[in-house]
Amino acid sequence: MEYKFKEIEQKWQKRWADNGTYRVNEDESRRKFYVLNMFPYPSGAGLHVGHPLGYIASDIYARYKRLCGYNVLNPMGYDAYGLPAEQYAIQTGQHPAVTTAQNINRYREQLDKIGFSFDWNREVRTCEPGYYHWTQWAFQKMFNSYYDNDLNKAQPIADLIRHFEQKGSDGINAAQSEELDFTAGEWNSYDERRKSDILMNYRIAYQGETMVNWCQELGTVLANDEVVEGVSVRGGFPVEQKKMRQWCLRVSAYSQRLLDGLDTIDWSESIKETQRNWIGRSEGTEMVFHVKDSDFKFTIFTTRADTIFGVTFMVLAPESELVAALTASDRKKEVDEYIDKVRKRTERERIADRKVTGVFSGSYAINPLTGEDVPIWISDYVLAGYGTGAIMAVPAHDSRDYAFAKHFGLEIRPLIEGCDVSEESFDAKEGIMMNSPRPDQAGSAGLVLNGLTVKEAIAATKKYVKEHKLGKIKVNYRLRDAIFSRQRYWGEPFPVYYDNGIPKMIPESCLPLELPEIKEYRPTATGEPPLGHAVKWAFDTASDKIVDKSLIDNKTVFPLELNTMPGFAGSSAYYLRYMDPHNGKCLVSPEADNYWKCVDLYLGGSEHATGHLIYSRFWNKFLYDFGYSTVEEPFSKLINQGMIQGRSNFVYRIKDTNTFVSLGLKDNYDTTPIHVDVNIVSNDILDVEAFKAWRPEYNTADFILEDGKYVCGWAVEKMSKSMFNVVNPDVVIEKYGADTLRMYEMFLGPLEQSKPWDTNGIDGCHRFVRKLWNMFFDRNGNVCISDEEPVKDELKSIHKLIRKVTSDIEGFSFNTSVSAFMICVNELSALKCNKREILGILVRLISPFAPHISEELWEILGHNSTICDSNWPECDEKYLVEDNITYSISFNGKTRFTMDFPMDATSGQVQEAVLANDRTQSYIDGKTIRKVIVVPRKIVNIVL
RNA sequence: GCUCGAAUGGUGGAAUGGUAGACACGAGGGACUUAAAAUCCCUUGACCUUUACCGGUUGUGCGGGUUCGAGUCCCGCUUCGAGCACCA
């Protein structure tokens, strides 16, 4: 009988949907397993063949786990807020909600054809009020919390306020933007605005002044990669560095926990390393420097306290608040000019163009150990955002300080024996220290490091600094707080209103605050974000939501926050929402959360290593602190599937003609390669007629063929429209069916590796699927299943497969499973096996990979229930015992001959006493064999 | 510059330290067929030897090392890819 994949696949997809086969509920009597894919942003281009790779892999795992008896949660949804829909709206006026819904429908159509076991009943969309309710809720919780460094967790801000009222800032060890110092009396005397400002210093979601790339013309903040040479990429408008009040999340408070958590989860080492890098923990010393002839003092951060005797100048970041205080009056003009110049440059430009620049402030600091005067400079190689924005410069042992010193002719004082600093600095943290001032010298202050190793010297200096109260040991992190405001329309509105300019939360009972309709998606004429167009919304909603309408009498200021949240807001806790997606009372019920706990297997691209995967870990830790999430790390195992790249095809046009020459002959001509649509090329052979019809200009094209064919060239490139190398899964399914597509995507190569989509190999997988199908039918197309007892070889073949596929799936080695299926089907076909028992095992093993055909064949085998409700076959090792085992006998390292030794069928042991033990040395025959090395189940080398 | 990966036939890729190249594609040959499609069988790393069978040499980016035995482990390179990058 013919394998009609289209009918079979439609039949089963319909049946699964009608019967709710993949609906899942919390069931305390069964073990749970939570499989999750990073949900997609539904783009207008639809899915290409690379998108489903991870979904297929996770679906295989989910189906496998289900057959193993687990209650599997395998949900899918959409990250629906995003820039493309908004930009499309600006161009066309089409509401982003409309385009997004269209795109989602298209995605769903495409996904449904692939035969996933998603529980669509649990779908979430981040742009729906029922969903973003909980994004807004979490934001409010963060606003109402601070991070207690002693307890190492987030706490209600009310506790902090109570502390301020009773004791002021004394005894507070909280994550903060800057160090504040006030008494209870002072706090109680502050007005509301002052109190609000102070609390912002501690809140986990806070408003802060941050440096941003501001584009006046576009009316928005731009990311660094949207700015080139001081102008916006889009439009070419000038961009300036500007301090702006923005909502931020105090992610940095969680730095240490984010770092420690990495040791508890099963992620790839490379992605953990990326995150460690991003968090950037560095342990060092903060030291206080007094300013000469002044009461002023400032703090620097260094990891090389040992180099204190090599300090020959200090450097401040241009943005540092210290600059104004430390600039001498006669240097003010030059300093101002320098600062002005620096301000115009974006951070990116600063990094790209590393010319040494700087200016002398006119002030001197006093080295706390030697009492020496040290000139204070200002330069943009010091960053305001890291450490204290000020450094002690040791040109001999830091390459950046070295470059600066060389450029401005400052002293370079080496501290390590035998190092040569005439050409470059000696940065390595190794060697023996020298050049400390002698103990009897003025300024030695009793610390002599000479003769110590760098490591010892760092420790000694730290100890000294601590004992003499010159500073303290400090851990710094590179991780910055996340800027959480966007001047956009298509995002979650902030549940925030302003009362005389003081931000306040809309009552929780009034959430969600819904996004209004607007007519114009650009910023307003007055420079407000797009939501500024929704004047009525901004006032009326506020008055609806806030009981006291008298709060909004001042109509010169919008009472609602007009910024929206960034893309990562909605994707930070969606895995929790899937557990209980329709709950209107809370993000997730404690019962559901307690059952599903965390994601057991998370699949997604590695491009989210420093974005989503940090933010959602932070978000979850925050929720965990308040008991809203039961597990501290949300994703216990992470697999990063590789990207599927495009495989482009080229034709070669002879210059200035309309003649195209085949690949093998192109070197005889002067040709230009031209991308050709991969859909009219098959196995690199061009469909010449389709090519002529492709574009009008090729209508009259001539061809120089080889062997009667036009052979195209190829290259691996990103899959994109402009390369004409996009392959749509629908087209593949139309031609081969979903089961073949699924098999082939897995067969293509290791899951975590990037690889090009090469349509050439798909025939092999299709052939395999058909071969499987044909095993169930005789020559006349009638079902031909036998109830005879399986023979030994059949049992052996199928149990080998059980063992292989089980371990492959557990190890995410899906490509080798597909090979194993092919081998097994070939073996069984050769044996003309049509035994019901064997085939039943076979289709169950294949079902996670090719669910439709498996269901159909399962039915043909006479089962009433779906294959999803069957169980995973178990391997019985007794069928795998070899009859005999071959040993190679080596002589001086060369294989001389091989011998077969019989094996005991029940014990699996070799029936030769002399070979009974593993890896033993034995003497077989006093004359010739000296040593026997036994490798179990494999080969035995007998060295003569 | 730093960190992490990777390197195996014409191609995608297999190989708990134990017969390298499974499986698949492509290619070549053959069977069936009026023909095509489909299907099936054989060959397929390179080189040498042989009429043929048999047999041999060499071979996993490069150079060393450990081992009876290395694609695999260790040391030192080369190249490619990814990420971070003035982080004191």
Side-chain angles (χ1 to χ4, degrees), chain A residues 2 268-282 284-285 300-305 307 315 317 347 350-354 356 379-383 385-394 397-401 403-404 427 476-480 606-607 609-610 640 642-643 647 683-684 714 743-744 747-750 752-768 770-771 774 807 813 815-824 826 829 886-895 898 921 930-944:
Chain A
E2 202 191 333
S268 76
E269 207 40 53
S270 79
I271 213 134
K272 284 190 190 179
E273 206 47 44
T274 305
Q275 291 214 341
R276 287 193 191 106
N277 208 330
W278 189 257
I279 296 166
R281 183 181 200 273
S282 81
T285 314
I300 60 96
F301 175 75
T302 180
T303 53
R304 292 295 302 272
T307 58
V315 187
E347 201 163 332
R350 265 168 72 158
I351 290 160
D353 164 30
R354 296 195 185 171
V356 177
S379 173
D380 65 358
Y381 84 86
V382 173
L383 304 176
Y386 185 77
T388 60
I391 62 155
M392 63 179 212
V394 185
H397 302 295
D398 183 288
S399 54
R400 296 151 300 177
D401 297 345
F404 194 83
D427 291 14
N476 259 324
Y477 299 91
R478 207 184 66 97
L479 186 68
R480 315 260 181 107
S606 54
E607 66 272 19
T610 52
N640 298 113
M643 284 246 286
R647 188 180 186 279
N683 287 351
D684 292 335
W714 61 274
M743 285 293 231
Y744 186 57
F747 183 71
L748 219 42
E752 304 194 43
Q753 193 173 303
S754 285
K755 57 238 163 193
W757 177 263
D758 183 353
T759 312
N760 290 351
I762 199 164
D763 287 312
C765 283
H766 191 58
R767 241 169 255 160
F768 159 74
R770 270 209 313 261
K771 204 163 173 176
N774 287 330
S807 71
S813 181
N815 55 329
T816 51
S817 311
V818 177
S819 295
F821 289 136
M822 292 175 176
I823 294 168
C824 184
N826 274 339
S829 296
T886 304
Y887 303 101
S888 63
I889 313 296
S890 306
F891 183 68
N892 286 347
K894 303 237 176 180
T895 304
T898 61
Q921 296 189 2
R930 280 189 285 116
K931 192 161 123 192
V932 183
I933 298 161
V934 182
V935 182
R937 295 204 156 273
K938 283 278 183 176
I939 282 169
V940 177
N941 276 331
I942 299 176
V943 183
L944 302 179

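All values below were derived from every heavy atom in this structure, side-chain atoms included, with hydrogens, water molecules and symmetry-related copies excluded. Values in this document were obtained by computation on a predicted structure and should not be read as measured data.
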In whole Å, what is the span from the [atom1] atom of [X] to the [atom2] atom of [N]?
{"X": "I823(A)", "N": "A15(B)", "atom1": "CD1", "atom2": "P", "value": "11 Å"}
{"X": "H766(A)", "N": "C23(B)", "atom1": "NE2", "atom2": "P", "value": "22 Å"}
{"X": "Q753(A)", "N": "A6(B)", "atom1": "CD", "atom2": "P", "value": "9 Å"}
{"X": "I279(A)", "N": "A85(B)", "atom1": "CD1", "atom2": "P", "value": "14 Å"}
{"X": "F747(A)", "N": "U11(B)", "atom1": "CZ", "atom2": "P", "value": "16 Å"}
{"X": "E607(A)", "N": "C84(B)", "atom1": "CD", "atom2": "C1'", "value": "16 Å"}
{"X": "H397(A)", "N": "A88(B)", "atom1": "NE2", "atom2": "C1'", "value": "14 Å"}
{"X": "Y381(A)", "N": "C86(B)", "atom1": "OH", "atom2": "P", "value": "14 Å"}

Note to self: With the 90 degree cut-off around zero defining syn, does G71(B) come out syn or anti?
What the structure shows: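 Here the answer is anti: the torsion falls beyond 90° from 0.
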Check: Hey, where does RNA chain B pair up into stems, meaning at least three consecutive Watson-Crick or G-U pairs with distances under 3.5 Å?
Finding: B:1-7 with B:78-84, B:10-12 with B:23-25, B:26-31 with B:39-44, B:45-48 with B:55-58, B:61-65 with B:73-77
Determine the Euclidean distance between corresponding [atom1] atoms of [M] and [N]; express it in Å to zero decimal places.
{"N": "G65(B)", "M": "C84(B)", "atom1": "P", "value": "40 Å"}
{"N": "U8(B)", "M": "G21(B)", "atom1": "C1'", "value": "7 Å"}
{"N": "G28(B)", "M": "A36(B)", "atom1": "P", "value": "15 Å"}
{"N": "U57(B)", "M": "U49(B)", "atom1": "P", "value": "15 Å"}
{"N": "A27(B)", "M": "U19(B)", "atom1": "P", "value": "32 Å"}
{"N": "C2(B)", "M": "G69(B)", "atom1": "P", "value": "36 Å"}
{"N": "A6(B)", "M": "U60(B)", "atom1": "C1'", "value": "14 Å"}
{"N": "G26(B)", "M": "C74(B)", "atom1": "C1'", "value": "39 Å"}

Checklist line | Residue I391(A), side-chain atoms from C-beta onward, closest of C4(B), A22(B), A88(B) | finding: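 Among C4(B), A22(B), A88(B), the one nearest the side chain of I391(A) is A88(B).
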Check: Which listed nucleotide (A14(B), U3(B), C86(B)) is nearest to the side chain of T816(A)?
Finding: A14(B)
Taking only residues two or more places apart in sequence or in another chain, which ones pass side-chain contact (heavy atoms from CB on, under 4.5 Å) with [X]?
{"X": "S606(A)", "value": "I271(A), N640(A)"}
{"X": "R767(A)", "value": "D763(A), R770(A)"}
{"X": "N826(A)", "value": "K771(A)"}
{"X": "Q275(A)", "value": "L262(A), W267(A), L613(A), I614(A), R617(A)"}

At 4.0 Å (heavy atoms only), tell me whether [X] reaches a base, stays on the sugar-phosphate, or touches nothing.
{"X": "K771(A)", "answer": "sugar-phosphate"}
{"X": "S270(A)", "answer": "sugar-phosphate"}
{"X": "P756(A)", "answer": "nothing"}
{"X": "L748(A)", "answer": "sugar-phosphate"}
{"X": "N826(A)", "answer": "sugar-phosphate"}

Any [X] side-chain N or O less than 4.0 Å from OP1/OP2 of [N]:
{"X": "Q275(A)", "N": "G83(B)", "result": "no"}
{"X": "S282(A)", "N": "A88(B)", "result": "yes"}
{"X": "R478(A)", "N": "A85(B)", "result": "yes"}
{"X": "Y386(A)", "N": "A88(B)", "result": "yes"}
{"X": "N815(A)", "N": "A14(B)", "result": "yes"}

Under 3.5 Å between N/O atoms: give me all the protein pairs with nucleotides 35-39 of chain B, atom names plus distance.
{"from": "A38(B)", "atom 1": "O3'", "to": "R770(A)", "atom 2": "NH2", "distance (Å)": "3.1"}
{"from": "U39(B)", "atom 1": "OP1", "to": "R770(A)", "atom 2": "NH2", "distance (Å)": "2.4"}

Next item on the list: Could you tell me how the ring of Y386(A) sits relative to the ring of F301(A): parallel (under 30°), tilted (30 to 60°) or perpendicular (over 60°)?
Entry: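 Y386(A) and F301(A): perpendicular rings.
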Next item on the list: Check the side chains of S282(A) and N476(A) for a donor-acceptor pair under 3.5 angstrom, ignoring hydrogens and angles.
Entry: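 Not at all, the side chains of N476(A) and S282(A) share no donor-acceptor pair under 3.5 Å.
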Margin query: Under a plain distance cut-off of 3.5 Å, with no hydrogens placed, do T816(A) and S819(A) share a side-chain donor-acceptor pair?
Written below: no
Residues which pass side-chain hydrogen bond (donor to acceptor under 3.5 Å, both in side chains) with [X], listed by chain and number, not counting sequence neighbours:
{"X": "S807(A)", "value": "none"}
{"X": "S817(A)", "value": "D808(A)"}
{"X": "S829(A)", "value": "none"}

Check: Between the main-chain N or O of L748(A) and the side-chain N or O of N815(A), is there a donor-acceptor pair closer than 3.5 Å?
Finding: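 No, N815(A) side chain to L748(A) backbone: no donor-acceptor pair under 3.5 Å.
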Item checked: Earlier contact from the 5' end, RNA chain B, for S606(A) and D758(A) ->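 Result of the comparison: D758(A).
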Next item on the list: Assign each of I271(A) and T274(A) to its nearest nucleotide of RNA chain B by heavy atoms, then name whichever residue's nucleotide is nearer the 5' end.
Entry: I271(A)
Margin query: Is there a ring pair (Phe, Tyr, Trp, His ring centres under 6.0 Å) between Y744(A) and W757(A)? Walk through the geometry before answering.
Written below: CA-CA 10 Å; Y744(A) 186 57; W757(A) 177 263; 5.3 Å; yes
